[in-house]
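Residues: numbered from 1 along the sequence shown.
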Amino acid sequence: MLRIAVPNKGSLSGPAADMLHEAGYRQRRESKELRIVDPVNEVEFFYLRPRDIAIYVSSGRLDIGITGRDLLIDSGAGAEEILALGFARSTFRYAAKPGTAGGIGDLNGRTIATSYEGIVAKHLADNGIDASVVHLDGAVETAIELGVAEVIADVVETGTSLRNAGLEPFGEPIMTSEAIVVRRTGADAEDPKVQRFLRRLQGVLVARTYVMMDYDCRVEQLEKAVALTPGLESPTVSPLHNEGWVAVRAMVPAKDAQRIMDDLYAIGARAILTTAIHACRL
């Protein structure tokens with residue numbers, strides 16, 4: 001069986017379980033379950049702390065895992081990203097009291113507090129910065145007020161927590177992160193069990209990104225309509241019983257669906273429908 005590590009809690013847990021369910025995999029019913037077997041799909045899931053997943057995968061005990069890009073890099077484990085999943089997006093940045101730092105060059109000789117020591121140490125080394133890094137678990141916003149550090153490095157989403165602590169981000173982002181699938185560095189890239197799992201997740205990503213659009217249009221407007229809905233390969237076009245009309249079907253980006261419907265209507269298309277895609281293979 002394919003052995004897969006899944007986040008057991010936190011912001012990664014729920015969306016990861018939802019995606020796996022959409023991909024057709026059995027998921028746990030209670031949060032206390034640490035391991036479940038899906039015999040139909042020949043998969044065994046292990047529910048682990050997100051921070052530990054890259055380490056388990058790098059050991060070879062588990063085949064692949066779902067974790068955050070930030071957690072993979074911070075762990076320093078011998079694992080690599082093989083698929084980005086598009087949820088749990090975040091930006092990792094430095095922050096300090098307003099006016100005390102403007103860029104990474106201002107960090108020389110400073111003390112930086114963070115829960116992601118591996119990421120920060122690597123970023124400083126890559127940029128030739130000599131600074132001290134203090135590891136703190138949990139929220140680090142109070143580290144400056146309490147005199148533990150002069151700068152912090154943390155995940156920034158809306159920036160509300162930083163503003164409430166009297167801090168502001170500065171410089172370029174250290175990195176952007178999202179949920180990813182990881183495997184052991186050097187593992188067989190063509191493992192058919194892993195490839196099947198990835199195809200299922202890719203199918204979910206496509207199904208979430210696109211909708212199916214159907215509409216009728218006059219033959220003389222078909223080229224304009226096809227330009228609006230080119231599909232992935234090309235749209236399906238079928239003649240209607242009424243001469244001079246055709247039915248068109250194509251996948252379109254969900255975020256653009258309403259605008260495309262407006263444009264189709266403007267050139268004379270009618271009976272324009274969109275339907276959700278529940279599963280897909282490209």
Counting distance only, does the side-chain N/O of N108 pair as donor-acceptor with the main-chain N or O of D130 below 3.5 Å?
yes
For the side chain of T67 and the backbone of P50, is there at least one donor-acceptor N/O pair under 3.5 Å apart?
yes
Could E42 and K193 be called an ion pair, given the rule that one side-chain N must be under 4.0 Å from one carboxylate O?
no
Looking at D63 and R3, is there a salt bridge between them, counting it only when a charged N and a carboxylate O are closer than 4.0 Å?
no
Gap between atom [atom2] of [Y] and atom [atom1] of [X] - 0.5 Å precision:
{"X": "R183", "Y": "I64", "atom1": "CZ", "atom2": "CD1", "result": "9.5 Å"}
{"X": "M212", "Y": "T229", "atom1": "CE", "atom2": "OG1", "result": "11.5 Å"}
{"X": "S31", "Y": "N8", "atom1": "OG", "atom2": "CG", "result": "9.0 Å"}
{"X": "I119", "Y": "L124", "atom1": "CD1", "atom2": "CG", "result": "11.5 Å"}
{"X": "S177", "Y": "L72", "atom1": "OG", "atom2": "CG", "result": "9.0 Å"}
{"X": "D70", "Y": "M175", "atom1": "CG", "atom2": "CE", "result": "5.5 Å"}

Honestly, is R270 close enough over Y265, meaning NZ or CZ under 6.0 Å from the six-membered ring centre and within 45° of the axis?
yes
Cation-pi, Y116 ring and R51 (6.0 angstrom, 45 degrees):
yes
Yes or no on side chain to side chain contact (heavy atoms under 4.5 Å, CB included) for L2 and R196, after CA distance, side-chain angles and deciding distance?
CA-CA 10 Å; L2 187 67; R196 181 175 65 177; over 6 Å; no
Could you tell me if the side chain of [Y] sits less than 4.5 Å from the side chain of [X], heavy atoms only?
{"X": "F92", "Y": "D74", "result": "no"}
{"X": "D216", "Y": "N242", "result": "no"}
{"X": "I260", "Y": "T274", "result": "no"}
{"X": "V246", "Y": "C217", "result": "yes"}

So with a 6.0 Å cut-off around [atom1] of [X], is the heavy-atom count from everything else above 12?
{"X": "E145", "atom1": "CD", "value": "no"}
{"X": "H21", "atom1": "NE2", "value": "no"}
{"X": "E243", "atom1": "CD", "value": "no"}

D126: what forms a salt bridge (charged side-chain N to carboxylate O under 4.0 Å, His left out) with it, not counting sequence neighbours?
K122
Would you say [X] and [Y] are hydrophobically clustered, going by side-chain heavy atoms of ILVMFWY under 4.5 Å?
{"X": "Y215", "Y": "V252", "result": "yes"}
{"X": "I73", "Y": "V156", "result": "no"}
{"X": "F87", "Y": "V182", "result": "no"}

Contacts of type side chain to side chain contact (heavy atoms under 4.5 Å, CB included), residue R163, not counting sequence neighbours
T160
Across all chains, not counting sequence neighbours, the side chain to side chain contact (heavy atoms under 4.5 Å, CB included) partners of V206 are Y210, M251, C280, L282
Can you check side chain to side chain contact (heavy atoms under 4.5 Å, CB included) on F170 and L107, steps first, answer last?
CA-CA 11 Å; F170 65 87; L107 297 179; 3.7 Å; yes
Can you spot which of R26, R61, R35 makes a salt bridge (Lys or Arg N to Asp or Glu O under 4.0 Å) with E44?
R35
Take the angle between the ring planes of Y25 and F197 and call it parallel below 30°, perpendicular above 60°, tilted in between.
tilted
As a quick check of understanding, evaluate side chain to side chain contact (heavy atoms under 4.5 Å, CB included) for I104 and E172, giving each step before the final call.
CA-CA 8 Å; I104 191 169; E172 294 296 319; over 6 Å; no
Could you check K9, K32, Q27, R28 and say which one makes a side chain to side chain donor-acceptor pair (under 3.5 Å) with Y47?
Q27
For a side chain to side chain contact (heavy atoms under 4.5 Å, CB included) check, start with the C-alpha distance between F46 and I53, then their side-chain angles and the critical distance, and finish with the verdict.
CA-CA 10 Å; F46 294 82; I53 286 176; over 6 Å; no
